[in-house]
Q: 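Sending over a structure as structure tokens; questions will come in a sec.
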Amino acid sequence: MKTIRSVAEMQAHSRAARAQGRRIGLVPTMGAFHDGHESLMRAARAGSDEMVVSLFVNPAQFNDPRDLEAYPRDEQADAAIAERLGTDVLFAPPPEAVYPPGFATTVSVPGLSDGLEGAHRGPGHFAGVCTVVAKLFNMVAPDVAYFGQKDAQQVAVIRRMARDLDFPVRIEVLPTIREPDGLAMSSRNVRLSPEERLRATGLSAALQAAAEAVDDDPLAAGYAVLAEHGITPEYLAMVDPETFQEPGPLIVVAACVGDTRLIDNVLIKRAATPDRRGADPKGVVRVLPTP
Ligand code: AMP
């Protein structure tokens, strides 16, 4: 595995790979790898010839400087994982290579970025995500880029951006990987105390309760389970997975457990019947067990 830190070198590497007819797969990450990242890397390994994992903790998408400061970083451990999974290039540019002095351009997707995560993390969050992902697409020139369903609104925003700006890249979305007790894996989970770690299962349990109450009152069922875990959510909503407007079949939740902000979501599928009350409960996608 080769580690590249300069943008010019990354672009030259991708040009050469492309000239040899190699299909480039990109897994954009902020590091602190867990099984969720590994699942994206496995998909990228299987689906491309030249596999690039980018590792960049993007300051532009953090609204809270303390959150940026506290974000877990361990490049050595991450590099070992990336190498084990067959990565060809670990692209780990320093912040000044991504945002040189005088950097001024922003890519944003208004509307789609405004609600839920956008509203709670601040208007700059998705603009920061879009700008860095657009830059990564120009630096790495991937044929396919791999993202996790765990960040469902991010997926919607990036798909829209790639379509609107004609990036010649296919966006692949992989299912959320969970701990055995249902908690969605996240680099932030290491910051939970043992007591918080237990309470954090309330997010996935609430989504599951909501999904099971699909023909009744899903949000009330979800709120009840969150309350049982002592969690007051920032939001719990049912939205369309593409527009992120209510109502829709994607149940999304965000909550702070202690100082750690967690998000999760589940897509419910109703049986194809006009009478929802008669829907087959097996039509509900379950949050548990871990796939
Ligand atoms: P991050 O390093 O947190 O920015 O995440 C990098 C990529 O991994 C993003 O596309 C995330 O959606 C994805 N990801 C994070 N957690 C999970 C998870 N538990 N399951 C699947 N994908 C994930």
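Counting begins at 1 with the first residue of the sequence. Note: hydrogens, waters and symmetry copies are ignored here, and every other heavy atom, side chains too, is used. When a ligand or atom number is given, it counts from 1 through the structure's own listing order.
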Q: One thing to verify: whether Arg261 and Glu117 come together as a salt bridge, which I'm taking to mean a side-chain N less than 4.0 angstrom from a carboxylate O.
A: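 Salt bridge present between Glu117 and Arg261.
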Q: Are any of the N or O atoms of Ser187 closer than 3.5 Å to those of ligand 1?
A: no
Q: Quick one: name the residues clustered hydrophobically with Val57, using the 4.5 Å side-chain heavy-atom rule over I, L, V, M, F, W, Y, and just say none if it's on its own.
A: Met30, Phe62, Leu68, Tyr71
Q: Would one find an N or O of Ile177, backbone or side chain, under 3.5 Å from an N or O of ligand 1?
A: yes
Q: With a cut-off of 4.0 Å, which atoms of ligand 1 are near a heavy atom of Pro175?
A: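 Atoms satisfying the 4.0 Å criterion: 20 (N), 21 (C).
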Q: Over 60° means perpendicular and under 30° means parallel, so classify the ring planes of His120 and Tyr235, tilted if in between.
A: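 Aromatic pair Tyr235/His120 classed tilted.
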Q: Would you call Asp164 and Arg159 a salt bridge, using N to O less than 4.0 angstrom?
A: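 Not counted as a salt bridge, because no side-chain N and carboxylate O are separated by less than 4.0 Å.
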Q: When you compare ligand 1 with Met30, is there at least one nitrogen or oxygen pair between them that comes in under 3.5 angstrom?
A: yes
Q: Among protein heavy atoms, which lies nearest atom 11 (C) of ligand 1, and at what distance?
A: Asp151 OD2, 3.1 Å
Q: For atom 5 (O) of ligand 1, state which one of Met41, His37, Lys150 supplies the nearest heavy atom.
A: His37
Q: Give a yes/no on ligand 1: does Leu174 have at least one heavy atom closer than 4.0 angstrom to it?
A: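 Heavy atoms of Leu174 never come under 4.0 Å of ligand 1.
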Q: Go through ligand 1 atom by atom and flag the ones less than 4.0 Å from a non-hydrogen atom of His34.
A: 15 (C), 16 (N), 17 (C)
Q: Within ligand 1, which atoms have a heavy atom of Met185 less than 4.0 Å away?
A: 16 (N), 17 (C), 18 (C), 19 (N)
Q: Which protein non-hydrogen atom lies closest to atom 8 (O) of ligand 1, naming both residue and atom, and how far is it?
A: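 Sorting protein heavy atoms by distance from atom 8 (O) of ligand 1 puts Leu40 CD1, 3.3 Å first.
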Q: Would you mind listing which atoms of ligand 1 come within a distance below 4.0 Å of any non-hydrogen atom of Phe147?
A: 10 (O)
Q: For Asp143 and Arg18, run salt bridge (charged side-chain N to carboxylate O under 4.0 Å, His left out): C-alpha distance rounded to whole Å, both residues' side-chain angles, the deciding distance at 0.1 Å, then the answer.
A: CA-CA 10 Å; Asp143 296 283; Arg18 208 166 258 283; 3.6 Å; yes
Q: Is Arg5 salt-bridged to Glu75, going by a charged N under 4.0 Å from an acidic O?
A: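 A salt bridge is present here (some side-chain N lies under 4.0 Å from a carboxylate O).
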Q: May I ask you to decide if the ring planes of Phe103 and Tyr99 are parallel, tilted or perpendicular, using 30° and 60° as cut-offs?
A: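 Judged by the thresholds at 30° and 60°, the geometry between Phe103 and Tyr99 is perpendicular.
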Q: Is Asp259 salt-bridged to Arg66, cutoff N-O under 4.0 Å?
A: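 Salt bridge: no.
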Q: Under 4.0 Å from a heavy atom of Tyr71: which atoms of ligand 1 are those, numbered in the order shown and with their elements?
A: 3 (O)
Q: Closer than 4.0 Å to some heavy atom of Pro28 - which atoms of ligand 1 meet that?
A: 6 (C), 7 (C)
Q: Could you go step by step and tell me if Arg121 and Asp64 meet the salt bridge (charged side-chain N to carboxylate O under 4.0 Å, His left out) rule?
A: CA-CA 8 Å; Arg121 297 198 60 177; Asp64 179 352; over 6 Å; no
Q: Can you check which of Ser39, Gly148, Ala32 brings a heavy atom nearest to atom 9 (C) of ligand 1?
A: Gly148
